[in-house]
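For reference, the structure is listed below as structure tokens.
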Amino acid sequence: MRLNISSACMFIQALLLAQGAISEAQLTVDFYRSSCPNLQFIVRGTMQVAVMNETRIAASILRLFFHDCFVQGCDASVLLDDTPTMKGEKSAFPNANSLRGFDVIDIIKANVEAYCPGVVSCADILALASRDAVVLSGGPGWNVLLGRRDSLTASVSLAKSNLPAPTDDLNTLIQKFQAQGLSVQDLVTLSGAHTIGLARCTTFKNRLYNNGGSGMPDQTMNMAYLQQLQSICPSTGGDDNLALLDFMTPSRFDTLYYKNLLYQRGLLNSDQELYSSNDSSTSTIVSSYAQNWRLFYQNFATSMISMGNVNPLMGNSGSIRKNCRVVS
Ligand code: HEM
Ligand SMILES: *[C@@H]1O[C@H](CO)[C@@H](O)[C@H](O)[C@H]1NC(C)=O
Ligand SMILES: *[C@@H]1O[C@H](CO)[C@@H](O)[C@H](O)[C@H]1NC(C)=O
């Protein structure tokens, strides 16, 4: 067969396409190396200011990333505001009056746009900011994989169905993680994020007064801890009062969350379940993290990368938003 110019061009084009498809299938650490070399410094610097202003914001940003990744993948869908034609995820029950930190993401995005306009996705900014949230809270660091694009849609129904509830039992938690391709170990490890941050009384109050409709407190809760929580959360009213997820070291990213579980001082039912449900596949991991912070740090980094790999939009799908709240 004679190879003329046009068929040669087509051949080369096909080669390039195939190569593109391969390189686009994977997120990479150096995705913005030439297009936005200062990206990591801009995100870290802005997060540093935000955490100095308010310690809790680290926890809030980390949670935003989790609530993004579990709904259509890590595509910044959680950041979209409602429009007349598209209901966003912010009003879904697990998110409403609960998610925080959107304004900090806006500030990071504005700072990034000032240096590298139109290049960096909101999904990647959220991935970097949550790593920095962990580091700034004294936890482990890791290399964040990048190259995600931003969604053109949001899903309020997936936000309702995919996100775990604080009242979920262990089997439900395991199923909801497995639905995202995440393992039992990822579940126990990522729950360790509850070593920082706060929760509203409404998310655990049933445990204090009427666990499972029994009219009694949860029997897997330490008595002194129960009384402390009852003083924060009265049986009627006070639903938006706040309690520490890790009452020992509430803003340090350490293993006290797991130690608390050993002593029946987990705040949410979903926390205590990891140790008290008598499923050794999770309780042995809880015990090992309680004793071995290195292991927890190592595995937390690995599990965050796994969560960050859930269904990213890449290549020609999705977009790079100008404003993280608006599809563009
Ligand atoms: C295992 C299933 C999980 C359940 C049922 C759950 C549930 C909750 C609930 C109910 C709150 C309090 C929300 C409120 O007061 O409105 C909360 C807070 C938080 N969650 Fe989770 N969570 C889970 C896993 C995770 C994961 C995987 C991460 C991150 C890797 C995470 C990070 C956080 C953080 C940092 C906070 C505190 C946020 C703040 O102070 O603003 N959670 N979680
Ligand atoms: C600082 O923190 C307060 C809450 O403590 C918040 O209302 C305010 O927006 C924050 N400012 C900045 C610049 O992050
Ligand atoms: C777990 O086992 C302990 C000790 O055998 C028992 O007291 C407790 O009720 C069990 N918890 C559950 C949720 O089955």
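Whatever order the structure lists them in is the order used to number ligands and atoms, beginning at 1. Keep in mind that the numbers below use all heavy atoms, side chains included, and drop hydrogens, waters and symmetry copies.
The two residues Cys69 and Val310 come nearest to each other via the heavy atoms O-CG1, 3.6 Å. The nearest pair of heavy atoms linking Arg131 to Asn143 is NH1-CA, 4.4 Å. Scanning both residues, Leu261 and Gln272, for their nearest heavy atoms gives O-NE2, 2.9 Å. Closest heavy-atom contact between Leu80 and Ala154: CD1-CB, 4.1 Å. Minimum interatomic distance between Leu208 and Gln230 (heavy atoms only, all atoms of both residues): O-NE2, 2.9 Å. Annotation for Arg321 and Asp150: closest pair N-OD2, 3.1 Å, computed over non-hydrogen atoms.
Atom 26 (C) of ligand 1 has Phe66 CD2, 3.4 Å as its closest protein atom, hydrogens excluded (heavy atom only). For atom 41 (O) of ligand 1, the nearest non-hydrogen atom of the protein is Ser60 OG, 2.7 Å. Ranking protein heavy atoms by distance to atom 4 (C) of ligand 2, first place goes to Glu54 CD, 4.1 Å. In this structure, atom 15 (O) of ligand 1 lies nearest to the protein heavy atom Arg200 N, 2.7 Å. Atom 35 (C) of ligand 1 has Ala59 O, 3.1 Å as its closest protein atom, hydrogens excluded (heavy atom only). The nearest protein atom to atom 9 (O) of ligand 2, hydrogens excluded, is given as Asp103 OD2, 4.3 Å; this is a heavy-atom distance.
Residue Asn97 has no nitrogen or oxygen atom sitting less than 3.5 Å from a nitrogen or oxygen atom of ligand 1, judged on distance alone. Among the atoms of Arg100, none of the N or O lies under 3.5 angstrom from an N or O of ligand 1. Geometrically, ligand 1 and Leu173 share no nitrogen or oxygen pair separated by less than 3.5 Å. By the 3.5 Å distance cut-off applied to N or O atoms, Ser191 is not counted among the residues near ligand 1.
In this structure, Phe296 and Tyr289 have tilted ring planes: the angle between them lies in the 30° to 60° band.
By the rule that hydrophobic residues join a cluster once side-chain heavy atoms approach within less than 4.5 Å of another member, Leu152 and Met314 end up as members of separate clusters. Linking ILVMFWY residues whenever their side-chain heavy atoms come closer than 4.5 Å, directly or via other members, places Val144 and Leu182 in the same cluster. Tracing side-chain contacts under 4.5 Å through hydrophobic residues (I, L, V, M, F, W, Y), one reaches Tyr297 starting from Tyr258; they form part of the same cluster. Both Leu99 and Ile105 are members of a single hydrophobic cluster when ILVMFWY side chains are connected at heavy-atom separations under 4.5 Å.
Residue-level proximity to ligand 1 for Ser270 is carried by the side chain, the only part with a heavy atom below 4.0 angstrom. Under 4.0 angstrom from ligand 1, there are no non-hydrogen atoms of Thr202. Neither the backbone nor the side chain of Pro94 has a heavy atom within less than 4.0 Å of ligand 1. With a 4.0 Å cut-off on non-hydrogen atoms, Phe65 does not touch ligand 1 at all. Residue-level proximity to ligand 1 for Leu242 is absent, since no heavy atom of it falls below 4.0 angstrom. With a 4.0 Å heavy-atom cut-off, ligand 1 is reached by the side chain of Leu187 but not by its N, CA, C or O.
Aromatic rings of Tyr225 and Tyr263 (six-membered ring for Trp) have centroids beyond the 6.0 Å cut-off, not under it.
Distances below 4.0 Å separate heavy atoms of Thr203 from the following atoms of ligand 1: 10 (C), 14 (C), 15 (O). Distances below 4.0 Å separate heavy atoms of Ser98 from the following atoms of ligand 1: 13 (C), 14 (C), 16 (O). Close approach to Ala193 involves these atoms of ligand 1, each under 4.0 Å from a residue heavy atom: 28 (C), 29 (C), 30 (C), 31 (C), 32 (C), 35 (C). Taking every heavy atom of Ala199 and a limit of under 4.0 angstrom, the matching atoms of ligand 1 come to 12 (C), 15 (O). Annotation for ligand 1: atoms under 4.0 Å from non-hydrogen atoms of Pro164 are 2 (C), 3 (C), 5 (C). Interface atoms of ligand 1 facing Arg56, defined by a heavy-atom separation under 4.0 Å, are 39 (C), 40 (O), 41 (O). When each atom of ligand 1 is checked for a heavy atom of Gly197 under 4.0 Å away, the hits are 37 (C), 40 (O). Taking a cut-off of under 4.0 Å to the non-hydrogen atoms of Phe177, the atoms of ligand 1 that pass are 1 (C).
The closest non-hydrogen atom to atom 12 (C) of ligand 2, taken over Thr55, Val49, Asn53, Ile107, comes from Asn53. Distances from atom 27 (C) of ligand 1 to the heavy atoms of Asp168, Leu274, Leu62, Leu190 put Leu190 nearest. When the heavy-atom distances from atom 42 (N) of ligand 1 to His194, Arg63, Met304 are ranked, the shortest goes to His194. Nearest-heavy-atom check against atom 36 (C) of ligand 1 across Thr195, Leu245, Leu268 picks out Leu245.
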Exercise for the section: Apply the test side-chain hydrogen bond (donor to acceptor under 3.5 Å, both in side chains) to residues Thr249 and Asp246: give CA-CA distance (whole Å), side-chain angles for both, the deciding distance (0.1 Å), then the verdict. Expected result: CA-CA 6 Å; Thr249 53; Asp246 167 7; 2.9 Å; yes

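Checked by atom type and distance alone, the side chain of Arg148 never pairs as donor or acceptor with a backbone atom of Ala76 at under 3.5 Å. Here the side chain of Gln219 pairs a donor or acceptor atom with the backbone of Pro217 at under 3.5 angstrom. Here the side chain of Thr195 pairs a donor or acceptor atom with the backbone of Asp254 at under 3.5 angstrom.
The shortest separation from a heavy atom of Phe204 to ligand 1 is not under 4.0 Å, leaving the residue out of contact.
Of the charged side-chain nitrogens involved, none lies within less than 4.0 Å of a carboxylate oxygen, so that Asp82 and Lys90 do not count as a salt-bridged pair.
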